[in-house]
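Remarks on the structure that follows.
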Amino acid sequence: MGACLALCSLASCASCLCGSAPCLLCGCCPSSNNSTITRLAFSFFLLLGTMVSVIMILPGMETQLRKIPGFCQGGSTIPGFENQVNCDVIVGYKSVYRMCFAMTCFFFLFSAIMIRVRSSKDPRAALQNGFWFFKFLILTGITVGAFFIPDGTFHTVWFYFGVVGSFIFILIQLILLIDFAHSWNKVWVENAENSDNKCWFAGLLSFTFLHFALAITAVVLFFVYYTQPDDCTEHKVFISLNLIFCIIISVVSILPKIQEAQPHSGLLQASLISLYTMYVTWSAMTNNPNRKCNPSLLSLVSNVSSTEASGDPGQVQWWDAQGIVGLIIFLFCTLYASIRSSSNTQVNKLMQTEEGKGFGGEGVVGEDGIRRAMDDEEENVSYSYSFFHFHLCLASLYIMMTLTNWYQPDTTTQAMQSSMPAVWVKMTSSWLGLGLYLWTLVVPLIFPDRDFN
């Protein structure tokens, strides 16, 4: 009996995967807005590809694959069968480049298809909100095809695509963090004012202090471990400039004129942006090819010299602290971009979204009494389908660069090398991000006749 019920449940979920509007027709989907479920589903595709990429760069993966009889070239063989798979390609940075190439193509394809979709009545909206099984097959097919791309100059060319895409995505991450901090500050201040409970203000003050304390601690550690008295001039300039810029935005955010124009502006947003800026600064310095200015985490913990810790200069250190932090921030921003519903007009214009009801919806109760997802886009879409896919396209490139530590492939030595272009890309994005936040603070004063609430 239990097996029969399980089969019926699986059949119901299968209709969710193959239907044209799964979250409207199937009880296996949670009670929420259709637009939110769709964004979460596409984000799941991105996270699934990320997990595959992570598995492919796990230490010892190539060795384990070579143990499979008849699989890897040069590995265990089966009499009468020729090993066809080049395991040097399906593991390591080459596999990450190909997996992320497939995800980028997949999301770029949907970004092009969904241009100028205005409501769920558009025939293309059915493709956006359903047919998940076939979308998965398309992504799988593109991924398989990507592993047959000849080496040649593919990795070098795709590296520069990754640099440009990651540069834009870092800016988008900063916009999302600004929006998150703005919403966070607004909700807690309103709760404190409506309930006369001072704990909300205490919470805001505590998190603001924590963010600033972590940012200042990071600055001190940067000067101690990532600079030398007679070297590392670039690092000294980077740390000093970003420290000064963070002080400037913090002071500007609490100026009386700014507070009058934007009552919900405050130090919480500035503290979070300052902390993120210090992370980007750290991430940039870890890509400096000069090992004296870029000690590995191993050398810092075990007190080993940078040269000894680095070993072979062509050897890639897949898992380092800044890469793990980058993945955590990426996961947070991807989830937030999927469920966000901001009241910030400036951010909504930049992210091509509209003010909505957020993740929770009342849902629609069907004839069978089951509550299903509600179509909240009959009149107009709550977010730009095309821009959302473009955002995931850039996220795929960012994941590629993060998992490979922004190392540049060297086609002559088949090695991975740190590069200064990655350093300048990250630092430039941090400066543009700080400038963008400063602009959101002062723009109501420059254009007082416009609504920027």
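FYI, side chains are in, hydrogens and waters are out, and symmetry mates aren't considered; it's all heavy atoms of this structure. All residue numbers refer to positions in the sequence shown, counting from 1.
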Answer yes or no: is there a donor N or O on one side and an acceptor on the other, between the side chain of [X] and the main chain of [Y], under 3.5 Å?
| X | Y | answer |
| --- | --- | --- |
| K135 | L127 | yes |
| S430 | M427 | yes |
| S166 | V163 | no |
| R124 | I113 | yes |
| N129 | A125 | yes |
| T143 | M99 | no |

Any side-chain heavy-atom pair from [X] and [Y] closer than 4.5 angstrom?
| X | Y | value |
| --- | --- | --- |
| R98 | W158 | no |
| C393 | S111 | no |
| L171 | L436 | no |
| F223 | S240 | yes |
| S429 | V280 | yes |
| S274 | S250 | yes |
| F245 | L438 | no |
| L174 | Y437 | no |

Among N288, T233, T286, find the residue that satisfies the side chain to side chain contact (heavy atoms under 4.5 Å, CB included) test when tested with C293.
N288
Other residues, nucleotides and ligands only: do more than 12 of their heavy atoms fall within 6.0 Å of CZ on F180?
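Result for CZ/F180: enclosed.
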Counting only heavy atoms not in F201 (residues, nucleotides, ligands), do more than 12 fall under 6.0 Å from its CZ?
yes
Let's go through F388 and S43 carefully: what are the C-alpha distance in whole Å and the side-chain angles of both, what is the deciding distance for side-chain contact (heavy atoms from CB on, under 4.5 Å) to 0.1 Å, and is it a yes or a no?
CA-CA 10 Å; F388 176 73; S43 297; 4.0 Å; yes
Start with the C-alpha gap between F167 and T428, add the side-chain angles, then the distance that decides, and say whether side-chain contact (heavy atoms from CB on, under 4.5 Å) holds.
CA-CA 8 Å; F167 171 79; T428 303; 4.0 Å; yes
Roughly how far apart are [X] [atom1] and [Y] [atom2], rounded to 0.5 Å?
| X | Y | atom1 | atom2 | value |
| --- | --- | --- | --- | --- |
| I248 | L243 | CD1 | CG | 10.0 Å |
| F212 | L267 | CZ | CG | 5.0 Å |
| Q269 | T440 | CD | OG1 | 9.0 Å |
| L394 | H389 | CG | NE2 | 13.0 Å |
| T140 | F134 | OG1 | CZ | 13.0 Å |
| M278 | L221 | CE | CG | 12.0 Å |

Please state whether the rings of F390 and F387 are parallel, tilted or perpendicular, taking 30° and 60° as the class boundaries.
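Tilted.
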Once you measure the plane-to-plane angle for F101 and F154, does it fall in the parallel (<30°), tilted (30-60°) or perpendicular (>60°) bin?
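If you compare the ring of F101 with that of F154, the planes turn out perpendicular.
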Closest non-hydrogen atom pair between [X] and [Y], with its separation:
| X | Y | answer |
| --- | --- | --- |
| S396 | L46 | OG-CD1, 3.4 Å |
| G165 | L397 | CA-CD1, 3.7 Å |
| G49 | M103 | CA-SD, 3.5 Å |
| Q259 | S253 | NE2-O, 2.8 Å |
| L139 | A102 | CD1-O, 4.2 Å |
| F169 | A395 | CE1-CB, 3.5 Å |

Residues passing the disulfide bond (SG atoms under 2.5 Å apart) test with C105, sequence neighbours excluded, are none
Answer yes if the ring centres of [X] and [Y] are under 6.0 angstrom apart, and no otherwise.
| X | Y | result |
| --- | --- | --- |
| F136 | W132 | no |
| F238 | W282 | no |
| F207 | W184 | yes |
| F42 | F110 | yes |

With a 3.5 Å cut-off and no angle check, do the side chains of [X] and [Y] form a donor-acceptor pair?
| X | Y | value |
| --- | --- | --- |
| Q173 | Y276 | yes |
| K426 | S283 | yes |
| H211 | S271 | yes |
| Q228 | H235 | no |
| H391 | R39 | no |
| T277 | N242 | no |

Go through it in stages, so that I can follow the logic: the residues are W439 and I446, the test is side-chain contact (heavy atoms from CB on, under 4.5 Å), and I'd like the CA-CA distance, side-chain angles, deciding distance and then a yes or no.
CA-CA 10 Å; W439 170 255; I446 300 176; 3.7 Å; yes
Passes side-chain contact (heavy atoms from CB on, under 4.5 Å), F106 versus I138? Steps please.
CA-CA 8 Å; F106 175 78; I138 292 173; 4.1 Å; yes
Those residues that, when tested against F107, pass ring pair (Phe, Tyr, Trp, His ring centres under 6.0 Å) (two or more places apart)
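Partners of F107 by the ring pair (Phe, Tyr, Trp, His ring centres under 6.0 Å) criterion come out as none, since no residue qualifies.
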